**Student:** 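My questions all concern the structure below.
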Amino acid sequence: MTRQAITLIGGGLVGALLAQQLAKRGFQVEIFEKRPDPRRVGFTGGRSINLALAERGLQALRTAGLAEDVLQRAVMMRGRMVHPLGGTSGLQRYGVDDSEVIWSVSRGGLNMLLLDAAEAAGVKMHFGQSLVAADLHSKRIVLADENGTLHQHDAPALIGADGAGSALRAAMDDYQSLGIRVESLGHGYKELEIPPGTGSERFAIEPHALHIWPRGGYMCIALPNTEGSFTVTLFLPAHGPHPSFDTLTDAAAAASFFRQDFPDLLPLIPRFAEDYDSHPVGTLSTLYLDRWHVDGRALLIGDAAHAIVPFHGQGMNCGFEDTVVLANLLAEAGRDTGDAFAEFQRIRQPNANAIAAMALENYIEMRDSVADPHYLAKRELGARLAERAPTHFMARYRMVTFTHLPYAYAFERGRAQDILLEQLLHGSTSADDVQLDAAVTTLQATLPPLPQLR
Ligand code: FAD
């Protein structure tokens, strides 16, 4: 059966995966993508060079039949390798074994794989076509090509996967207010590179970890790339007193700051000055909308609907989870896109809000708490409770990263568990101070069992 025509704006990570899934379900899908075809001219991303793929994203890729292909080009990360200033580095494992790991993937490589898959499923692609206007009354859009030439296109059902700066969102907001709110984090980021090792070691540091250099108000992280390099990201206040991007105006100032704060990292980045001076400072914000859709005419998905800060490594994963929900709803709805769009927002918005909040909290955890003794005691007590009473305790990070439990559930349950851990620890910095049998009894009396995992 050939279903309705759907016009997608944006062929990034979410747009390409959604297009493939819709085409596989019989929809006639067209994508208009602003950039040139990355498979022809190379990927010109502008944002993070690599990303962490976790279970939710993987599950969507399994549904699309693409998980194995993606994993073949990914580097396994078993946990956080924490590098304290002047201390010894240590691995904090994410799960009990290698069944609970996350994967570092190249943004460009993944985008190209998804575009290939979408094309193979029958999606019609138009590159170098930027949405400049959308008239939702007449259901027509205006696109500009690379020379600035404008042309119009009929689009009875529009989906915007055009990212955090979505042009479709602006056009929808003109038609009917979406209640847009953007909250800037006030911190920015800059990417640097640790090149592949010379000699016998392909990787200069442990390859199977997400490295963190926590420094309280700021941090560096590094994710491995298959060819042996690491992409390092410095997260720092955008403005204000030292250290901020305001005060680190050039590579010389930044190098002196790194010598002080990241002395073990600086020697691993031989092109520090070139990277620092040539790479832009990225901005970080959370986007909230009251409405993600207008009638059955247009809907937003992925970052266009709910851009979040990157500290839980879930923006893409959440967007990938969106694609499965939406493709199923549209397939069930037949031609009534209005119901499917409304239902999509009803299901996904509370979850998007929950992961937005958890991502903000995780920044503090990553840059500060991972080196804090009370946090480590809580983590250890949580691990002991999870081992003794797995039906009643699961770390929030694990619920978010390794299960399909709704984000909103993970957020609420995590909060309840955290209150309990605080009560049990009474401010102590050692999990050994807590009598475990009594703690398990309190846990089981206080919280209902966790849902069965699929
Ligand atoms: P995008 O990836 O932004 O794609 C939008 C597409 O639309 C682009 O191809 C763009 O060219 C196109 N477009 C834009 N405007 C127009 C227009 N007017 N007309 C036509 N096309 C247009 N997520 C994770 O899950 N794990 C991570 O580890 C992670 N790390 C991150 C690190 C950083 C520093 C940042 C900034 C983000 C990170 N994210 C991570 C989040 C992730 O990058 C996003 O959630 C994801 O890219 C969203 O995909 P998208 O397709 O919705 O948007």
Side-chain angles (χ1 to χ4, degrees), residues 7-19 30-38 43-58 60 74 77 102-108 110-112 114-115 125-134 141-146 153 158-171 185 187-191 210 221 223 231-235 279-287 300-323 352 355-356 359 362-363 366 400-401:
T7 307
L8 255 162
I9 309 300
L13 298 175
V14 172
L17 182 58
L18 176 65
E30 257 183 309
I31 292 185
F32 292 94
E33 163 57 46
K34 176 164 80 174
R35 297 194 193 123
D37 188 344
F43 188 77
T44 49
R47 310 223 288 159
S48 68
I49 288 157
N50 54 21
L51 312 104
L53 172 69
E55 175 55 28
R56 291 167 202 269
L58 255 181
M77 297 186 290
I102 56 175
W103 301 87
S104 178
V105 291
S106 142
R107 181 186 289 272
L110 180 58
N111 204 163
M112 290 190 257
L114 295 175
L115 289 171
M125 316 249 192
H126 309 273
F127 292 97
Q129 298 284 336
S130 183
L131 180 86
V132 291
I141 56 175
V142 181
L143 299 143
D145 68 17
E146 282 150 313
H153 185 82
L158 262 171
I159 299 178
D162 49 346
S166 171
L168 182 59
R169 186 174 66 231
L185 180 68
H187 288 224
Y189 70 94
K190 193 181 276 267
E191 290 185 330
L210 189 156
I221 66 167
L223 272 71
T231 305
V232 176
T233 313
L234 164 67
F235 293 98
H279 295 175
V281 176
T283 56
L284 298 167
S285 304
T286 307
L287 166 74
L300 300 167
I301 189 169
D303 274 19
H306 49 69
I308 61 176
V309 295
F311 305 109
H312 222 306
Q314 285 289 319
M316 166 190 69
N317 285 285
C318 178
F320 280 6
E321 207 175 44
D322 282 353
T323 67
I355 189 58
N362 228 40
Y363 187 26
M366 286 175 87
V400 169
T401 311

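Every number for a ligand or one of its atoms is a count from 1 in the order of the listing. Just so you know, these numbers come straight off a predicted model, no measurement behind them.
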**Student:** Decide yes or no for D303 and V14: does some side-chain heavy atom of the first lie under 4.5 Å from some side-chain heavy atom of the second?
**Tutor:** no

**Student:** Specify whether Y363 and H187 have parallel, tilted or perpendicular ring planes, treating 30° as the upper limit for parallel and 60° as the lower limit for perpendicular.
**Tutor:** perpendicular

**Student:** From L115 CG over to L13 CG, what is the distance, rounded to the nearest 0.5 angstrom?
**Tutor:** 9.0 Å

**Student:** Identify, by atom number and element, the atoms of ligand 1 in contact range of N317, meaning under 4.0 Å from any of its heavy atoms.
**Tutor:** 24 (C), 25 (O)

**Student:** Would you mind listing which atoms of ligand 1 come within a distance below 4.0 Å of any non-hydrogen atom of A52?
**Tutor:** 24 (C), 25 (O), 26 (N), 27 (C), 28 (O)

**Student:** Please confirm whether the backbone N or O of V400 pairs with a side-chain atom of R56, one donor and one acceptor, at under 3.5 Å?
**Tutor:** yes

**Student:** Please enumerate all residues that pass salt bridge (charged side-chain N to carboxylate O under 4.0 Å, His left out) together with E33, with sequence neighbours excluded.
**Tutor:** none

**Student:** Consider ligand 1: state whether an atom of it lies below 4.0 angstrom from any non-hydrogen atom of G282.
**Tutor:** no

**Student:** Enumerate the atoms of ligand 1 whose separation from the nearest heavy atom of A167 is less than 4.0 angstrom.
**Tutor:** 18 (N)

**Student:** With a 4.5 Å heavy-atom cut-off, do F235 and L185 have their side chains touching?
**Tutor:** no

**Student:** Heavy-atom contacts with G302 under 4.0 Å: which atoms of ligand 1 show up? List them by number with element.
**Tutor:** 52 (O)

**Student:** Short N/O distance, under 3.5 Å, between A304 and ligand 1?
**Tutor:** no

**Student:** Heavy-atom contacts with G315 under 4.0 Å: which atoms of ligand 1 show up? List them by number with element.
**Tutor:** 23 (N), 24 (C), 25 (O), 41 (C), 45 (O)

**Student:** Near F32, which atoms of ligand 1 are under 4.0 Å from a heavy atom of that residue?
**Tutor:** 20 (C), 21 (N)

**Student:** Just distances here: any N/O of V14 and N/O of ligand 1 closer than 3.5 Å?
**Tutor:** yes

**Student:** Which atoms of ligand 1 have any heavy atom of G12 under 4.0 Å away?
**Tutor:** 4 (O), 6 (C), 9 (O), 51 (O)

**Student:** Look at ligand 1 and say whether G319 reaches it with a heavy atom at a distance under 4.0 Å.
**Tutor:** no

**Student:** To the closest 0.5 Å, what do you measure between CG (L223) and OG1 (T233)?
**Tutor:** 7.0 Å

**Student:** E191 near ligand 1, heavy-atom distance under 4.0 Å?
**Tutor:** no

**Student:** May I ask you to check whether K34 has an N/O atom sitting below 3.5 Å from an N/O atom of ligand 1?
**Tutor:** yes

**Student:** Check salt bridge (charged side-chain N to carboxylate O under 4.0 Å, His left out) between E30 and all other residues, then give those that pass, not counting sequence neighbours.
**Tutor:** none

**Student:** Using a 4.0 Å heavy-atom threshold (strictly under), name the region of R107 that reaches ligand 1: side chain, backbone, both or neither.
**Tutor:** side chain

**Student:** Should L131 be counted as touching ligand 1, given the test is an N or O pair under 3.5 Å?
**Tutor:** yes

**Student:** Report yes if G313 has an N/O atom closer than 3.5 Å to an N/O atom of ligand 1; otherwise report no.
**Tutor:** yes

**Student:** Are any non-hydrogen side-chain atoms of E191 and I49 less than 4.5 angstrom apart?
**Tutor:** yes

**Student:** For the side chain of D162 and the backbone of F32, is there at least one donor-acceptor N/O pair under 3.5 Å apart?
**Tutor:** no

**Student:** Less than 4.5 Å apart, side chain to side chain, heavy atoms only: is that true for I355 and H306?
**Tutor:** no

**Student:** Under 3.5 Å, N or O to N or O, is E33 touching ligand 1 that way?
**Tutor:** yes

**Student:** In terms of atom number and element, which parts of ligand 1 are under 4.0 angstrom from non-hydrogen atoms of A161?
**Tutor:** 5 (C), 6 (C), 7 (O)

